[in-house]
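To start, the structure itself, in structure tokens.
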Amino acid sequence: MSFLDILAQPETWRLVGVLCLGIFVQAAAGFAGGLVIVPLLLWAGYSIPEAQTSLLVATIPQNLWGVVSFRDALDSKRLVWPGAARLLFLPLGVLTLQWMESFSMVTLRQIVGVAVLLATLATMLFRPKPRDQVAPFWSYLVFPLSGFLQGLVGMGGPPMVLWVQAHDWDTRRMRGFLFSMYLISLAPGIAVLVWFFGSRVIPPALIAAAAIPILLAVTWVGLKVGTALGTQRLRRITMALLLLMGLAGLAAPWLSPA
């Protein structure tokens with residue numbers, strides 16, 4: 001099947017639609033792109049590896065822009081250990097995902113639903129008091145866990161977000177650090193997924209790459225909407241959406257067609 005044939009498929013436009021929604025939420029609310037995209041693509045009939053690969057490709061421009069925009073707030077020495085820990089544990093997550101592929105799609109939707117619920121509840125309930133530094137133990141826990149979750153379900157962001165919020169950093173430093181962590185793992189993440197799952201993850205990646213101009217326009221609209229509605233209102237809307245999607249994943253045995 002040629003790439004033009006792929007573009008003519010209804011599944012292709014479902015993929016693009018989900019990517020647009022996730023990128024819009026990410027741009028407007030500042031988080032939750034992966035938490036939206038991965039579970040919705042599972043419901044659209046894609047596998048977790050396909051969803052992950054398309055997500056990684058779709059976020060390349062946004063992460064590049066973030067690192068360039070906030071480069072003056074970055075401390076390169078603070079990126080070495082977190083980036084290395086994420087990359088070290090990412091293949092372990094992908095290896096676990098390969099084993100999980102023997103599970104039914106309904107079970108996988110439930111697993112992803114649990115991951116979305118836990119990440120959402122942690123973001124809602126955990127309010128660390130910002131400080132200059134946190135105990136090293138948390139770094140040794142957060143970044144390997146983030147890499148593992150990135151490889152497992154494509155949701156490595158929430159642990160890092162909570163770790164960053166525990167520091168008394170300004171917004172530019174926080175966002176620059178997170179964009180850097182995402183960017184560091186993009187190419188290795190795509191390479192590991194292709195290595196483990198072969199050519200079947202290539203078409204979603206190509207579709208995501210072809211949709212980048214649309215996603216850039218969606219990012220611009222999301223930024224405008226985020227500014228107009230305000231951070232707190234968008235945060236509440238996003239949390240409600242994520243809770244609904246997590247609960248839908250848990251209820252997959254009853255919501256999925258026979």
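For reference, positions follow the sequence shown, starting with 1. Side chains are part of it too, since the values below use all heavy atoms of this structure and drop only hydrogens, waters and symmetry mates.
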Closest non-hydrogen atom pair between [X] and [Y], with its separation:
X    : Y    : value
A208 : L215 : O-CD1, 4.2 Å
V201 : P204 : O-CD, 3.4 Å
P213 : A210 : CD-O, 3.4 Å
G151 : Q52  : O-NE2, 3.0 Å
V112 : P39  : CG1-CB, 3.8 Å
V57  : A205 : CG1-O, 3.6 Å

Value rounded to 0.5 Å, distance of [atom1] in [X] from [atom2] in [Y]:
X    : Y    : atom1 : atom2 : value
I37  : L55  : CD1   : CG    : 5.0 Å
I207 : I202 : CD1   : CD1   : 11.5 Å
M174 : H167 : CE    : NE2   : 9.0 Å
Y46  : M105 : OH    : CE    : 11.5 Å
L40  : L15  : CG    : CG    : 11.5 Å
M100 : T107 : CE    : OG1   : 9.5 Å

Pair listing, ring-ring contact (aromatic ring centres under 6.0 Å, His included) test, anchored in residues 80-115, at least two apart: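 Listed by first then second residue: W81-Y140, W99-F103.
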Show me the donor-acceptor pairs, under 3.5 Å and distance only, between side chains in residues 152-163 and residues at least two apart or in other chains.
from, atom 1, to, atom 2, distance (Å)
W163, NE1, S139, OG, 3.3

Got a sec, which residues hit side chain to side chain donor-acceptor pair (under 3.5 Å) with [X], two or more places apart in sequence or on another chain?
X    : answer
D132 : none
S69  : W65
S47  : E50, R200
W220 : none

Shared hydrophobic cluster for F137 and V164 (ILVMFWY, side-chain gaps under 4.5 Å): yes
In one Ile/Leu/Val/Met/Phe/Trp/Tyr side-chain cluster, 4.5 Å: V68, L79: no
F196: ring-ring contact (aromatic ring centres under 6.0 Å, His included) partners, not counting sequence neighbours: none
Option from L42, I111, L193 for which side-chain contact (heavy atoms from CB on, under 4.5 Å) with I48 holds: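 Checked L42, I111, L193 against I48; only one passes side-chain contact (heavy atoms from CB on, under 4.5 Å): L42.
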Transitive ILVMFWY cluster of I212, excluding itself - 4.5 Å side-chain cut-off: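 Other cluster members: L216.
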Other ILVMFWY residues reachable from L244 by side-chain steps of under 4.5 Å: none
Sequence-distant partners of R78, salt bridge (charged side-chain N to carboxylate O under 4.0 Å, His left out), two or more places apart: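 Partners of R78 by the salt bridge (charged side-chain N to carboxylate O under 4.0 Å, His left out) criterion come out as none, since no residue qualifies.
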Q98 (side chain) donor-acceptor with F197 (main chain) under 3.5 angstrom: no
Any donor-acceptor pair under 3.5 Å from S146 side chain to V142 backbone: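 Not a single qualifying donor-acceptor pair exists.
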Sequence neighbours excluded, every pair satisfying salt bridge (Lys or Arg N to Asp or Glu O under 4.0 Å) that has a member inside residues 151-174: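 For residues 151-174: D72-R172.
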Stepwise side-chain contact (heavy atoms from CB on, under 4.5 Å) test for F148 and T96: CA-CA 9 Å; F148 177 79; T96 307; 3.6 Å; yes
Would you give me the side-chain donor-acceptor pairs under 3.5 Å for residues 177-189, sequence neighbours excluded?
from, atom 1, to, atom 2, distance (Å)
S180, OG, G176, O, 2.8
S185, OG, R86, NH2, 2.8
S185, OG, M181, O, 3.4
S185, OG, Y182, O, 3.1

Heavy-atom neighbours of W169 CH2 exceed 12 at 6.0 Å: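 For W169, atom CH2 is crowded (more than 12 foreign heavy atoms under 6.0 Å).
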